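Computed from heavy atoms alone, side chains included, the values below leave out hydrogens, waters and symmetry copies. These figures come from a predicted structure and were not determined experimentally. Numbers for residues simply follow the sequence, beginning at 1.
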Amino acid sequence: MEVTNKYIVIKTQIDGKPQESDFEFKTEPFSLMVKPGSNDIIIKNLYVSIDPYQINRMKTMSSSQKASELAVGISPGEVIDAYGVGKVIASGNPKFEKDDYVVGLISWGEYSISQGFILNKLDPMGLPLTYHVGLLGFSGLTAYSGFFEICKPKKGENVFVSAASGSVGNLVGQYAKHFGCYVVGCAGSPNKVKLLKEKLGFDEVFNYKEETDLNSTLQRYLPNGIDIYFDNVGGEMLEAAILNMNMNGRVALCGIIAEYTNAGKRAAPDLLNVIYKRITIQGFLSGDYMSLFPEFLTTTIDHLRTGKIHVLEDVSVGLEGVPSAFVGLFRGDNVGKRIVQVSLD
């Protein structure tokens with residue numbers, strides 16, 4: 001049986017802020033049958049993750065493209081792979097059967113073909129499938145491993161989280177609060193500030209768009225200094241955080257969205273402060289900590305079922321909405337994990 005598969009590509013490399021006009025839809029005949037002897041898995045895509053790191057794959061050149069197999073460059077006209085959840089239509093791979101749910105690398109399209117690379121059978125465990133794209137997927141693992149393995153928290157420490165209403169930041173804040181830390185976040189709107197304080201339990205939150213001096217702002221909200229900074233932003237926020245770090249402070253560099261689309265903006269932290277305060281700054285990728293996945297999953301599901309963690313999702317419907325959902329990340333439109341529902345189960 002053959003169908004028409006619609007998928008999304010970039011028209012040209014994107015070296016600035018992405019626009020919806022940078023993307024286009026392609027269609028091609030797509031067989032729902034597996035060739036004899038093939039190891040292929042035919043997948044109907046259900047939900048796809050929308051992540052800011054993808055912009056670095058779309059650039060003419062980015063150092064990230066050579067540093068990770070998950071961040072290789074994307075060429076114009078090429079299928080864009082992405083994390084998500086789907087359902088097996090047909091399989092020549094003995095590890096997967098028809099009607100299995102799967103989670104892992106699929107694509108920004110209606111259907112995908114996989115050979116099983118970064119793809120696992122999924123037991124939804126009675127939870128919404130979207131949870132496995134964000135909270136229980138790479139976003140959750142990033143928050144968990146970055147906070148507990150990179151930051152190595154101690155109870156009572158002061159934690160600052162940038163982009164705190166994003167897919168990773170909101171979870172870092174929640175993990176930190178349950179661990180026993182004092183947590184301050186920043187976000188880009190009054191509604192986000194209110195949500196983080198009233199629903200997620202952050203101790204303090206400020207709207208960075210209303211602040212003219214980030215150094216003074218951090219001194220005001222964290223008068224006893226910062227022990228842990230979980231950075232999703234880079235730029236001036238990283239500079240201000242470094243100025244306010246305590247002795248032996250730890251900085252987890254998760255993302256630098258402020259710098260992704262502005263080649264002229266690069267953080268210049270006070271390195272003398274880093275040296276004399278013995279501050280540790282470490283970049284990381286969640287894939288480095290796959291060995292933690294069982295522990296992360298058990299802990300997070302327990303928190304979820306006992307009401308200790310709230311899920312923030314921003315789900316839109318229809319493949320046609322992927323470009324606008326992606327572009328919106330760089331305007332700060334999303335609250336929590338941005339996901340697109342491609343099709344119904």
Looking only at non-hydrogen atoms, find the nearest pair between [X] and [Y] and report the distance.
{"X": "Y101", "Y": "P124", "result": "CD1-CG, 3.8 Å"}
{"X": "A241", "Y": "I226", "result": "O-CD1, 4.0 Å"}
{"X": "C186", "Y": "M237", "result": "SG-CE, 3.6 Å"}
{"X": "S114", "Y": "I43", "result": "CB-CD1, 3.9 Å"}
{"X": "P94", "Y": "N39", "result": "CD-OD1, 4.1 Å"}
{"X": "S75", "Y": "I10", "result": "O-CG1, 4.0 Å"}

task = Sorted by first residue and then second, give each side-chain hydrogen bond (donor to acceptor under 3.5 Å, both in side chains) pair with at least one member in residues 176-186; sequence neighbours left out.
result =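 Every pair satisfying side-chain hydrogen bond (donor to acceptor under 3.5 Å, both in side chains) with a residue in residues 176-186: K177-D203.
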query = Which pairs, with at least one residue in residues 231-260 and sequence neighbours excluded, count as a side-chain hydrogen bond (donor to acceptor under 3.5 Å, both in side chains)?
reply =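 Applying side-chain hydrogen bond (donor to acceptor under 3.5 Å, both in side chains) to every pair that reaches into residues 231-260, excluding sequence neighbours, yields E157-R250, S162-D231, N215-N244, D227-N246, Y229-D231.
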Are any side-chain N or O atoms of [X] and backbone N or O atoms of [Y], one a donor and one an acceptor, separated by less than 3.5 Å?
{"X": "N273", "Y": "I242", "answer": "yes"}
{"X": "R338", "Y": "A325", "answer": "yes"}
{"X": "Q65", "Y": "K59", "answer": "yes"}
{"X": "R57", "Y": "V72", "answer": "yes"}
{"X": "Q13", "Y": "M58", "answer": "yes"}
{"X": "T298", "Y": "E295", "answer": "no"}
{"X": "S38", "Y": "V34", "answer": "no"}
{"X": "N158", "Y": "G225", "answer": "yes"}
{"X": "T280", "Y": "V251", "answer": "no"}

Do [X] and [Y] have side-chain atoms, one donor and one acceptor, less than 3.5 Å apart?
{"X": "S64", "Y": "S62", "value": "yes"}
{"X": "D81", "Y": "S107", "value": "no"}
{"X": "Y144", "Y": "E149", "value": "no"}
{"X": "D40", "Y": "Q115", "value": "yes"}
{"X": "T299", "Y": "Y175", "value": "no"}
{"X": "T60", "Y": "D15", "value": "yes"}

Close side-chain approach of [X] and [Y], heavy atoms under 4.5 Å:
{"X": "W108", "Y": "F326", "result": "yes"}
{"X": "F284", "Y": "L253", "result": "no"}
{"X": "V311", "Y": "L304", "result": "yes"}
{"X": "V85", "Y": "L122", "result": "yes"}
{"X": "P190", "Y": "N207", "result": "yes"}
{"X": "L70", "Y": "L105", "result": "yes"}
{"X": "V103", "Y": "Y83", "result": "yes"}
{"X": "I42", "Y": "V88", "result": "no"}

Report yes or no: do [X] and [Y] belong to one cluster of Ile/Leu/Val/Met/Phe/Trp/Tyr joined by side chain heavy-atom distances under 4.5 Å?
{"X": "I281", "Y": "F147", "result": "no"}
{"X": "I50", "Y": "I74", "result": "yes"}
{"X": "I309", "Y": "L141", "result": "yes"}
{"X": "Y208", "Y": "V168", "result": "no"}
{"X": "I14", "Y": "V322", "result": "yes"}

Chi angles and distances behind the side-chain contact (heavy atoms from CB on, under 4.5 Å) call for I8, E24 = CA-CA 6 Å; I8 298 166; E24 64 180 339; over 6 Å; no
Can you check whether [X] and [Y] have ring centres sitting under 6.0 Å from each other?
{"X": "F30", "Y": "Y111", "value": "yes"}
{"X": "Y7", "Y": "F25", "value": "no"}
{"X": "F293", "Y": "Y289", "value": "no"}

More than 12 foreign heavy atoms under 6.0 Å from [atom1] of [X]: is that the case here?
{"X": "M61", "atom1": "CE", "answer": "no"}
{"X": "K66", "atom1": "NZ", "answer": "no"}
{"X": "M33", "atom1": "CE", "answer": "no"}
{"X": "Y276", "atom1": "OH", "answer": "no"}

inquiry  = Under the criterion side-chain contact (heavy atoms from CB on, under 4.5 Å), I'd like the reasoning laid out for V9 against V79: C-alpha separation, chi angles, the key distance, then a yes or no.
reply    = CA-CA 6 Å; V9 302; V79 173; 5.7 Å; no
Got a second to check how far [X]'s [atom1] is from [Y]'s [atom2], nearest 0.5 Å?
{"X": "R305", "Y": "T300", "atom1": "CZ", "atom2": "OG1", "value": "12.0 Å"}
{"X": "L222", "Y": "E204", "atom1": "CG", "atom2": "CD", "value": "9.0 Å"}
{"X": "Q174", "Y": "H310", "atom1": "CD", "atom2": "NE2", "value": "6.5 Å"}
{"X": "N5", "Y": "T27", "atom1": "CG", "atom2": "OG1", "value": "8.5 Å"}
{"X": "I106", "Y": "I80", "atom1": "CD1", "atom2": "CD1", "value": "13.0 Å"}

For residues 193-200, dump all side-chain donor-acceptor pairs below 3.5 Å to protein atoms at least two apart in sequence or in another chain.
none

request  = Take V102 and N120, measure what side-chain contact (heavy atoms from CB on, under 4.5 Å) needs, and give me the verdict at the end.
outcome  = CA-CA 5 Å; V102 290; N120 291 293; over 6 Å; no
task = Walk me through it: do L135 and L312 pass the test side-chain contact (heavy atoms from CB on, under 4.5 Å)?
result = CA-CA 8 Å; L135 171 68; L312 292 187; over 6 Å; no
What I want to find out is whether [X] reaches [Y] closely enough, with some N-O distance under 4.0 Å, to be called a salt bridge.
{"X": "R220", "Y": "E211", "value": "yes"}
{"X": "K87", "Y": "D100", "value": "no"}
{"X": "D51", "Y": "K337", "value": "yes"}
{"X": "K6", "Y": "E320", "value": "yes"}

task = Decide side chain to side chain donor-acceptor pair (under 3.5 Å) for T130 and E313; before the verdict, give the C-alpha distance in whole Å, the side-chain angles of both, and the deciding distance to 0.1 Å.
result = CA-CA 8 Å; T130 54; E313 293 183 330; 2.9 Å; yes
